[in-house]
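Notes follow once the structure below has been shown.
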Amino acid sequence: MVPGAAGESCASQHSTMGARLWMILALMDAAASSLHPQQLSRCRVNDTAVYCNGMNLEAVPDELPPDVRKLDLSQNLLQNLTHGLLAAFAAVSHLNLRANKIQFIQPHLFKDMTNLQELDLSKNDLEAFALQKSDVGPLTAVRRLDLSSNGLYTGMSDYFLREAPALTSLSLASNSITKINKDTFAGSSALRSIDLQNNVILEIEEDAFDALQDLSDLNLSTNSITCIADFNLHRLRSLNLSKNSLELFEAEVETDVEYQLRYLDLRENKIHYFPVLPCRNRLIFLDLSRNRLMSVNTNGTAEEEAAGHQNLSELLYLDLSHNQIHALPAAFFQCMQKLETLNVSSNCLRDFGVSGDVPMHSLRTLDLSFNKLRNVSFGEDTLRALESLYLQGNYLSRLDPDIFRRLPQIRELHLQRNDLSVCAHEGGDEPPGCVSLSSIRTLNYLYYSKSSPASVPAHAFRGSPLLLLDLSGNPSLQIDALAFSGLETSLTRLSLKENDLRSLDADLYFLTYLDLSFNKLTAVPLWNKESSIEVLNLQGNSLVTLEEDTVSTLGQRLKTLYLSSNPFNCCSNSWLPALVQEFKVDIADIDAVTCAYERDSELGQIDIRGASQEPCQTLNNSRLAVIVIVATLLGLIVVVMLLLKLCHSKRCRLNDSFKA
Ligand SMILES: *[C@@H]1O[C@H](CO)[C@@H](O)[C@H](O)[C@H]1NC(C)=O
Ligand SMILES: *[C@@H]1O[C@H](CO)[C@@H](O)[C@H](O)[C@H]1NC(C)=O
Ligand SMILES: *[C@@H]1O[C@H](CO)[C@@H](O)[C@H](O)[C@H]1NC(C)=O
Ligand SMILES: *[C@@H]1O[C@H](CO)[C@@H](O)[C@H](O)[C@H]1NC(C)=O
Ligand SMILES: *[C@@H]1O[C@H](CO)[C@@H](O)[C@H](O)[C@H]1NC(C)=O
Ligand SMILES: *[C@@H]1O[C@H](CO)[C@@H](O)[C@H](O)[C@H]1NC(C)=O
Ligand SMILES: *[C@@H]1O[C@H](CO)[C@@H](O)[C@H](O)[C@H]1NC(C)=O
Ligand SMILES: *[C@@H]1O[C@H](CO)[C@@H](O)[C@H](O)[C@H]1NC(C)=O
């Protein structure tokens, strides 16, 4: 075999030759390799890249092209890396040895591979190699090195990093490192990005990262760090400390240096106080979710002395969800004028307000869901840019009726799981504290499930260009016949699931999606104009049959219908073939749609598709039998009566004759 030829033929068969030819080639290959076990050459070759991954190789195929630049040997069974093994590939620039069983590397093996730029040794047994305490390098040109998942522990990275002057990206993730020593990175001072996630780091020696002038990304997520005091890595742009045991994060205070930090991820720690951040920072992302914050103070003193004094003038994203924060004083936001996303979901807030003193003109997303809010208030012109507001899962029962009209960009409103009633369009006899949902000129999505409004009055949403409206889970909801008027040109999706509806008067011909599941409907509501509904959910209602005119009105546009859990009658199911065959409607849950029949005075349920004539015939037969019996009886009675009459008149005649 010519070096590379087999590989090339394999590559070309992928594109041009048929499966049969591939089989023949594979057989030839198998024959060849059984003759020369070393010549495993089913690798794919593409220009100067060779892919020998996932082939159970125990040795490197030795007839590969000599000018190979990129060699992928991942997912094989290589154990020992020796000069002999790699000698032929001095020119390789990318070497992937991920997921082998490498436990031995000949000392200084990579010294002569002066082109080597990327080296992936992840998922091997390098711990065994490191125990021999010899260096693999120098790694003169290597820029990216992946040593993740090797069982390495503290100090073992030294044998790889001692002379790695070109290294910019290093992964030591998923090892067993407990401590970062002062000189760990001394031989790799060009590092820009270090991934140390998923180790058991407890300690980082002072100055461990100081020599790294270009370090910008540091991932320490999923370790056991308990405290960061005097944080002073000015040049870092991204620091990930999520999933540690941090109780404290404090930057150096007495300094004028501007920090480059943009992303700080402190999620899932045990932090009690708001972190003390560098005075001059460019932070845009701060995640403090799932910690133990009870306030936004930096030191647990009175609430008024809030962390507001910290300058977070570039911050765009702040996540405080899943803490125990009781209050967010306005001063806290004083120096966050660019904030776009604020997430305070799942805390203990009792009220929340934005006043004209500290407006939040950049805020687009505000999540206050699952708190204990009884009141929210937004001053006029304070939330100019707000598009999405999440208020679900609170105790809101009264709001300023106009509150949402003060949000000139609001598109999405989540009000579910509160206790809020809906105001009528024209005012009048309003429930106190109801919310006005009409004339919110930008509102497209409104979620109002499980918020127990008693009624939806006429024109309740007029002037709000809703696309989606969810009113599900509001039992005994009274829906006015004109409740949805004004939404004809915008609304496409409506959910009225689980509302105990017995009937529905509102005209909904304009929707494309309607969920009426789990109500008490006995008939499908009929609409004035031709329906545009494409998806209709009627599960869990009280439908016995579907009327012919319902079928022909709905059928025109309907594509998908849900019908299970209804008490359909098997003997009046002629609507089914009409829908399915004539109108090509897909009954999505047809496997679960059953109907009821009565046979020998016993009730049964069967798959509605199996309900042809048989059970009904039995029903008809028995009815027929009754009719026959009744008719026969009647006939008998008539005959008997006739006979009686006949004999009576004879007797009379006899009597007459006696008299005569
Ligand atoms: C082969 O190499 C070319 C250029 O180097 C690349 O565009 C192409 O995606 C490669 N094909 C495969 C299958 O790797
Ligand atoms: C790798 O080297 C070890 C000893 O260093 C030896 O026991 C083992 O057989 C070698 N494995 C292979 C596949 O050569
Ligand atoms: C961890 O950090 C490294 C380098 O900073 C980065 O490349 C990697 O995407 C990070 N991992 C996750 C899961 O964020
Ligand atoms: C931090 O690392 C975790 C993985 O442990 C990852 O899910 C998260 O996205 C990272 N954070 C950032 C800001 O990249
Ligand atoms: C906040 O920090 C930014 C950048 O670090 C700076 O330009 C701005 O003047 C600071 N604002 C205050 C009020 O200190
Ligand atoms: C708490 O922090 C505030 C500013 O954040 C500061 O004014 C006050 O002196 C601090 N109190 C203590 C006891 O450290
Ligand atoms: C806010 O955080 C919660 C919990 O971490 C999350 O489920 C929710 O999606 C976030 N909200 C937004 C608007 O991203
Ligand atoms: C809600 O809070 C605002 C501002 O604090 C207040 O003016 C209003 O009366 C409160 N509303 C209710 C119903 O408590």
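Scope of the values below: all heavy atoms of this structure, side chains included, with no hydrogens, waters or symmetry mates. First listed ligand is number 1; within each ligand, the first listed atom is number 1.
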Within the structure, does [X] bring an N/O atom to less than 3.5 angstrom of an N/O atom in ligand 4?
X	result
Asn240	yes
Asn219	no
Asp265	yes

> Which of the atoms of ligand 3 are close to Ser193, meaning less than 4.0 Å from one of its heavy atoms?
Replying inline: 4 (C), 5 (O)
> Can you name the nearest heavy-atom pair linking Asn474 to Asn499, along with the distance?
Replying inline: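 Smallest interatomic distance, heavy atoms only, reads N-OD1, 2.9 Å.
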Does the side chain of [X] pick up a donor-acceptor pair with the side chain of [Y] at under 3.5 Å?
X	Y	answer
Ser148	Ser174	no
Gln117	Arg144	no
Glu412	His414	yes

Residues 204-211 side chain polar contacts: donor-acceptor under 3.5 Å, at least two apart:
{"from": "Glu205", "atom 1": "OE1", "to": "Lys182", "atom 2": "N", "distance (Å)": "2.8"}
{"from": "Glu205", "atom 1": "OE2", "to": "Lys179", "atom 2": "NZ", "distance (Å)": "3.2"}

Suppose I only count heavy atoms of [X] and a 4.0 Å limit; which atoms of ligand 4 are within that range?
X	result
Ser242	1 (C), 2 (O), 3 (C)
Ser221	2 (O), 3 (C), 4 (C), 5 (O)
Phe285	13 (C)
Thr222	5 (O)

Measure from the side-chain N and O atoms of [X] to the backbone N and O of [Y], and report whether any donor-acceptor pair falls under 3.5 Å.
X	Y	result
Asn76	Asn100	no
Ser490	Leu466	yes
Asn223	Leu196	yes

> Between Asp470 and Arg493, does at least one N-O distance fall below 4.0 Å, as a salt bridge requires?
Replying inline: no
> For ligand 4, is any non-hydrogen atom under 4.0 Å from Gln197's backbone (N, CA, C, O), its side chain (CB onward), both, or neither?
Replying inline: side chain
What are the polar N/O contacts of ligand 7 with the protein below 3.5 Å, with distances?
{"from": "ligand 7", "atom 1": "2 (O)", "to": "Ser321", "atom 2": "OG", "distance (Å)": "3.4"}
{"from": "ligand 7", "atom 1": "2 (O)", "to": "Asn343", "atom 2": "OD1", "distance (Å)": "3.4"}
{"from": "ligand 7", "atom 1": "2 (O)", "to": "Asn343", "atom 2": "ND2", "distance (Å)": "2.3"}
{"from": "ligand 7", "atom 1": "5 (O)", "to": "Ser321", "atom 2": "OG", "distance (Å)": "3.0"}
{"from": "ligand 7", "atom 1": "11 (N)", "to": "Asn343", "atom 2": "ND2", "distance (Å)": "2.9"}
{"from": "ligand 7", "atom 1": "11 (N)", "to": "Asp367", "atom 2": "OD2", "distance (Å)": "2.7"}

>> Would you say that more than 12 heavy atoms from the other residues, nucleotides or ligands in this model lie under 6.0 Å from the CZ of Arg237, or not?
In response: no
